[in-house]
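Have a look at the structure below, then the notes.
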Amino acid sequence: YNDKNTSIQQKVWCDGVPNADNACEYFSSHVEEIANAAEPAVYYNIAYGANMLGQASFCSIENFQDVVEKIKHYQQNTLGLSYSDFPMRCLDDDILERLIEVSIEHRRDILTNIPLTKAAEEEVRKEYWMNVKKKSCNANIEAILELPEWKEFFDALGRDSSCEPFMKEKHS
């Protein structure tokens with residue numbers, strides 16, 4: 001548990017689950033992809049949220065992709081910020097603590113032949129907080145779209161009322 005270059009997924013699949021060679025290999029060879037998976041989603045979620053709130057409209061998937069790229073460029077180049085600088089909405093610490101407990105109990109149930117020492121449990125807790133806490137947050141789309149700079153961005157971008165949007169909220 002002390003290798004700082006190993007992801008939690010690698011530790012679970014490579015060290016914790018017997019005979020999981022394929023999963024171990026996958027998580028070992030896709031570390032960078034997995035770590036950066038949240039970045040592009042935030043820009044898509046902002047575009048989608050702006051569409052749902054009427055701040056943007058998209059006539060095609062290509063138009064949507066173009067707006068996603070403009071959002072990313074605006075955040076990174078114009079504002080000089082990264083995706084992690086957006087306002088976030090996170091799970092409460094008490095929920096995360098309950099998830100840790102369930103995770104530790106689950107590990108004990110699965111790996112009955114490998115006892116979890118007090119030191120190992122503390123290491124699991126420490127690593128869980130370091131890795132999961134930051135990953136338990138999502139961009140707060142409503143808060144982002146209320147920020148003056150993002151209102152201005154979408155006002156300047158404009159809405160295309162000449163076409164039928166390809167994304168509409170579905171009501172059943």
Side-chain angles (χ1 to χ4, degrees), residues 4-13 23 26-104 106 124-172:
K4 301 300 179 204
N5 296 321
T6 304
S7 72
I8 195 164
Q9 292 95 342
Q10 285 174 276
K11 288 179 184 178
V12 168
W13 292 107
Y26 176 82
F27 284 105
S28 296
S29 62
H30 291 83
V31 173
E32 186 86 13
E33 275 174 49
I34 293 165
N36 294 328
E39 179 182 358
V42 108
Y43 301 112
Y44 284 91
N45 291 340
I46 292 169
Y48 181 78
N51 181 76
M52 291 297 111
L53 294 173
Q55 291 177 282
S57 62
F58 313 107
C59 299
S60 67
I61 190 68
E62 291 81 15
N63 178 236
F64 178 73
Q65 296 282 7
D66 182 50
V67 171
V68 168
E69 286 304 313
K70 287 178 181 175
I71 292 168
K72 184 176 181 177
H73 183 270
Y74 184 72
Q75 176 74 356
Q76 293 177 349
N77 298 89
T78 305
L79 299 177
L81 303 171
S82 76
Y83 76 96
S84 62
D85 292 314
F86 284 115
M88 301 299 240
R89 179 177 290 147
C90 304
L91 289 176
D92 293 332
D93 286 351
D94 62 324
I95 292 171
L96 292 175
E97 185 61 41
R98 282 185 276 169
L99 289 173
I100 290 173
E101 293 303 324
V102 169
S103 179
I104 289 171
H106 187 64
V124 167
R125 284 179 184 283
K126 184 173 124 190
E127 185 169 320
Y128 185 90
W129 278 106
M130 284 185 343
N131 289 299
V132 176
K133 177 66 177 174
K134 64 183 173 190
K135 293 177 184 175
S136 71
C137 300
N138 289 310
N140 186 334
I141 303 304
E142 295 85 7
I144 293 166
L145 295 173
E146 287 296 318
L147 293 170
E149 60 269 28
W150 285 102
K151 284 183 173 188
E152 290 173 19
F153 171 84
F154 283 107
D155 284 346
L157 190 64
R159 291 176 280 291
D160 188 346
S161 58
S162 68
C163 64
E164 182 67 25
F166 84 101
M167 282 192 306
K168 290 193 260 185
E169 192 167 7
K170 294 180 181 175
H171 299 284
S172 16

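- With values rounded to the nearest 0.5 angstrom, L157 atom CG is found 7.5 Å from I71 atom CD1.
- Between W150 and F154, the angle of the ring planes lies from 30° to 60°, which puts this pair in the tilted group.
- Note that the CZ atom of R125 and the CD atom of E101 stand 4.0 Å from one another [nearest 0.5 Å].
- The two residues V67 and A47 come nearest to each other via the heavy atoms CG1-CB, 4.4 Å.
- Residues meeting the side chain to side chain contact (heavy atoms under 4.5 Å, CB included) test with L53, sequence neighbours left out: Q55, L145.
- When all heavy atoms are compared, the tightest approach of A139 to V42 is CB-CG2, 3.2 Å.
- If you take CG on N45 and CE on M52, they are separated by 12.0 Å, rounding to the nearest 0.5 Å.
- Between L147 and P87 the shortest heavy-atom distance is CD1-CG, 4.0 Å.
- Remark: E152 pairs with no residue by the salt bridge (charged side-chain N to carboxylate O under 4.0 Å, His left out) rule, at least two apart or across chains.
- Between the Q76 side chain and the L81 main chain, no donor and acceptor come within less than 3.5 Å of each other.
- Shown here for C137 and M88, the closest heavy-atom pair between the two residues is CB-CB, 4.1 Å.
- One finds the CD1 atom of I141 at 7.5 Å from the CZ atom of F86 (value rounded to the nearest 0.5 Å).
- In this structure, F64 has its ring center under 6.0 Å from that of Y44.
- Annotation: the span from Q65 atom CD to F58 atom CZ amounts to 10.5 Å, rounded to 0.5 Å.
- For the pair Y83 (side chain) and A41 (backbone), a donor-acceptor distance under 3.5 Å is absent.
- The CD1 atom of I46 sits 11.5 Å away from atom OH of Y74, with the distance rounded to the nearest 0.5 Å.
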